[in-house]
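Quantities reported herein were computed from a predicted structural model and do not represent experimental measurements.
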Amino acid sequence: MAFLRRLTAGLLALALALLSGCDAVAEPASGGVSLAPSSEEGGGTAAPETLSSVRIPYDPEDGLNPYTCQGLQNYYAAGLLYDTLVALDSVGTPQNRLAQEVTFDGNLCIVKLRTDGRFTDGSPVTAQDVAYSALTARETPRFAPGLAGVLEVSAPDQYTVVFSLLTPDRYFGRSLIFPIVKAETAADPLPVGSGRFALGEQGDLLVRNDRYYEPVQNLRLVRLVDAGPLLSQSQAVLDGEIDLSYTDLRGAADLSLGLGSRQVVLSNLLYLGVNSQRLGIPAELRVAFSGLIDRDAVIRRAYRGYAAPAESPIKQSYSSTVTGEEEPLPENQEELLASLGFGERDEEGWRLYRNRRYVLRLLVNSDSYDRLSAAAILRDAFQAAGFQITLESVPFEEYSLRIAEGNYDLYLGEVRVPPNLDLLSLIAPSPTLGPGCARDEELLALYYQVKAGEAELSALDGALRRTMPVIPLAYRRGIVAFSPDFSANIVATEQDIFYNIGEW
């Protein structure tokens, strides 16, 4: 149980004891971090018990450099050491952190920095540091997609950063989530940061950064625990060895342990790719195909409930006005299919098109159990409607090659939609997502108008639902799992699972 030790004069500041009962830790030499109780807690009346420390998993071999670490656990732990210009809240809206103001002028995004941002070495966070970090982030796979439209980053004065964009993009502010490090330190094992915490001398302890412009109040310590792979972490949470663990459910995780959890909405869109160009499939038939799919069944049976249905690539969080203004369909699916030439069936019940059985191949990556399960559900749905489907399950390398070559009829894919709503790869032929995607010039023109602020997002949402260049199925979700006795009110986002750690 957590308890406070009062500091005696002349001694170095001592750490609060961890909930697990570990020994106190001496304060690091950096003057910007503190393990001491805040002044308002130093009175004669005991303060109410609050969460003072938390144990999280990490891989000591992976490091805490936000631009080089590979694992998700280390990436999120590093997020406590490095601040960002903005943070995306639980519905994806940018909230200022190091940025004081973000404005747009044509293809320019202008960021005014707050003047009280400080690195842990005491130096100010300047526009030069931000420009340096942006250029570093643009070369990093995790952040490059959101910064792909950046032509140049300049710093006209100490607290102003200007991003010159290839085309106007009113959603670019959502891409300002890359870590800010001190200039010329990104290649260091631990770059200089300005985050909510700083790394203690022992290397496995994060301590509160009192130089942060809004210092964390309750939580003093974050202990980094080498808890092994994800399955081991699940057990470690249950056994009380760590307090929480995160997974995007891409790998193995034991979800049967009865842990508490918070779902995290991800940008990973599961979709059905259609080779419209080679097969001559019109928009009306793609919409009809979409209507055959029970998205709730895909989510429930293939993804165990950890996903949200998607009728459009645009998540609801981008705008409360997105309503999906699709044109009304005929009263039943049979009327629609008949109007498209699929009203006749052969003696076995399969649909005919121009007097021939209409057979489609569905390509899926055999390395993903979830996608194999989802593909089987899609196959059954199509076949229940009379469309014969041949399921082609191949390893990832062959799967990717066939998509790039256009050697597919349908394929089950997943793409991470960048935070600035860059949908070009989904609405036009793409080498990575398949050259068979239909190219709709009106849809492309509307997309650029929306990005420039000349048209409403709801108009693009409606157009995507009417044309279905790809057929969206679901947005996946991750989870933060925590021990049964962990009582913090966790608000976790895809960018930062410790989004509200200051309120724990």
- Task: Test side-chain contact (heavy atoms from CB on, under 4.5 Å) on Phe197 and Ile501 and set out the steps.
- Result: CA-CA 11 Å; Phe197 288 78; Ile501 196 170; 4.1 Å; yes
- Message: Looking at every heavy atom in both Val491 and Tyr499, which two are closest together, and how far apart are they?
- Response: O-CB, 3.3 Å
- In terms of heavy-atom contacts, Asn107 and Thr167 come closest through CB-C, 4.1 Å
- Message: Pairing donors with acceptors under 3.5 angstrom, does anything connect the side chains of Asp440 and Thr467?
- Response: no
- Query: Are the side chains of Val394 and Arg402 in touch, meaning some heavy atoms are under 4.5 Å apart?
  - Reply: yes
- Heavy atoms, side chains only, cut-off 4.5 Å: are Tyr475 and Pro309 in contact? no
Check [Y] with [X], please: is the shortest side-chain N to carboxylate O separation under 4.0 Å?
{"X": "Glu392", "Y": "Arg379", "result": "no"}
{"X": "Arg286", "Y": "Glu284", "result": "no"}
{"X": "Glu344", "Y": "Arg354", "result": "no"}
{"X": "Arg97", "Y": "Asp496", "result": "yes"}
{"X": "Arg196", "Y": "Asp83", "result": "no"}
{"X": "Asp346", "Y": "Arg351", "result": "no"}

- Exam field: side chain Lys451 to backbone Asn420, donor-acceptor pair closer than 3.5 Å: yes
- Stepwise side-chain contact (heavy atoms from CB on, under 4.5 Å) check, Phe289 with Ile471: CA-CA 8 Å; Phe289 284 166; Ile471 300 174; 3.7 Å; yes
Centroid-centroid distance, [X] to [Y], less than 6.0 Å:
{"X": "Phe143", "Y": "Phe178", "result": "no"}
{"X": "Tyr303", "Y": "Tyr306", "result": "no"}
{"X": "Phe342", "Y": "Phe387", "result": "yes"}

- Query: Taking the six-membered ring for Trp, are Trp504 and Phe486 parallel (under 30°), tilted (30 to 60°) or perpendicular (over 60°)?
  - Reply: perpendicular
- Task: Just do the salt bridge (Lys or Arg N to Asp or Glu O under 4.0 Å) check on Arg250 and Asp370 with the steps written out, would you?
- Result: CA-CA 9 Å; Arg250 189 181 296 274; Asp370 292 344; over 6 Å; no
- Message: Exactly one of Tyr246, Tyr58, Phe498 should register a ring-ring contact (aromatic ring centres under 6.0 Å, His included) with Tyr76. Which one does?
- Response: Tyr246
- Item | Identified side chain to side chain donor-acceptor pair (under 3.5 Å) counterpart of Ser267 within the set Gln495, Glu494, Arg416, Arg476 | Glu494
- Message: Around atom CG of Asp239, are there more than 12 heavy atoms from other residues, nucleotides or ligands closer than 6.0 Å?
- Response: yes
